[in-house]
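The first residue in the sequence is number 1, and the count goes up from there. Both ligands and their constituent atoms are indexed starting at 1 by order of listing.
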Amino acid sequence: MILCANFKANKTRQETRAYLAVVESFVSANTIDDTVIVFPPFTALERMSRNVLIGVQNAYPAQNGAYTGEITLEQLEEFGVKTILIGHSERRHVLGETQEQIAAKFRFFAQQGFVIIYCVGEPLAVREQGDEALMSYIDAQFEGIDCNYADLIIAYEPVWAIGTGLTPISQQIVEMHAALRAKTQAPLLYGGSVKVDNARSIMELDNVDGVLVGSASLSANDFCEMIAQAAELKNV
Ligand code: PEP
């Protein structure tokens with residue numbers, strides 16, 4: 001399983017240090033071999049050897065340059081970061097990233113050999129229009145994206161489930177993940193209001209290879225509990 005913690009714009013450097021100390025000691029004490037990836041804010045990046053992967057929530061697709069307010073490859077290299085989240089719904093819908101910009105970002109970071117967690121997902125209004133509209137919306141989010149990229153991980157995150165406490169019913173997740181599986185052999189994560197109470201049953205579903213967790217990952221203990229659930233699933 002792959003378990004990702006997306007802090008969004010939460011936590012200071014000190015809080016992130018304390019959090020990682022808890023998660024890293026949990027991972028070594030329990031000899032966890034699932035992949036754990038934490039996406040802290042840029043200000044909390046540090047170059048340290050770790051038993052969890054550290055990724056960034058965004059970056060500008062350039063080596064360096066005149067991109068005021070952005071972070072580029074040069075800054076990520078300073079911290080040894082080689083993992084990036086691309087296409088998150090908050091970047092698409094709150095920050096207005098277009099598919100063209102997202103695809104350019106994907107191409108750049110794929111060329112640099114990054115592990116890319118590529119997010120797709122539909123707003124509620126699209127889901128309510130039925131399966132055809134739903135799939136053509138998701139298909140459009142793959143424009144310019146190489147589904148055969150070796151270090152690709154896909155996260156299906158319905159926009160209406162992110163930060164809302166709502167989750168799709170199991171059948172909706174299974175159907176979407178089956179459709180995604182037909183497109184790619186990349187691991188498929190589910191994201192959207194995953195928490196301790198529902199993580200296990202989501203990770204048990206067909207074609208679910210892990211979870212991308214926002215709000216509920218802010219508690220190191222809760223995130224460790226989800227890591228434990230993933231490890232237990234292997235033993236049943
Ligand atoms: C996310 O940020 O990708 C996410 C899924 O958030 P939440 O778990 O809070 O819904």
N or O contacts of ligand 1 with protein under 3.5 Å, please list pair by pair.
| from | atom 1 | to | atom 2 | distance (Å) |
| --- | --- | --- | --- | --- |
| ligand 1 | 2 (O) | Asn6 | ND2 | 3.1 |
| ligand 1 | 2 (O) | Lys8 | NZ | 2.8 |
| ligand 1 | 2 (O) | His88 | NE2 | 3.0 |
| ligand 1 | 3 (O) | His88 | NE2 | 2.8 |
| ligand 1 | 3 (O) | Glu157 | OE1 | 3.1 |
| ligand 1 | 3 (O) | Glu157 | OE2 | 2.7 |
| ligand 1 | 6 (O) | Lys8 | NZ | 3.3 |
| ligand 1 | 8 (O) | Gly214 | N | 2.8 |
| ligand 1 | 9 (O) | Ser215 | N | 2.9 |
| ligand 1 | 9 (O) | Ser215 | OG | 2.4 |
| ligand 1 | 10 (O) | Gly163 | N | 2.6 |
| ligand 1 | 10 (O) | Ser193 | N | 2.8 |

Tell me, please, whether Phe142 has Lys183 positioned over its six-membered ring: NZ or CZ under 6.0 Å from the ring centre and within 45 degrees of its axis? yes

Could Asp33 and Lys234 be called an ion pair, given the rule that one side-chain N must be under 4.0 Å from one carboxylate O? yes

Considering the options Phe26, Phe39, Phe7, which one meets the ring pair (Phe, Tyr, Trp, His ring centres under 6.0 Å) requirement together with Tyr19? Phe7

Glu24 and Arg50 ion-paired at < 4.0 Å: yes

Can we say Glu77 and Lys82 salt-bridge, meaning some charged N sits less than 4.0 Å from an Asp/Glu carboxylate O? no

Could you check whether Glu97 pairs with Arg92 (Lys NZ or Arg NE/NH1/NH2 to Asp/Glu carboxylate O, under 4.0 Å)? no

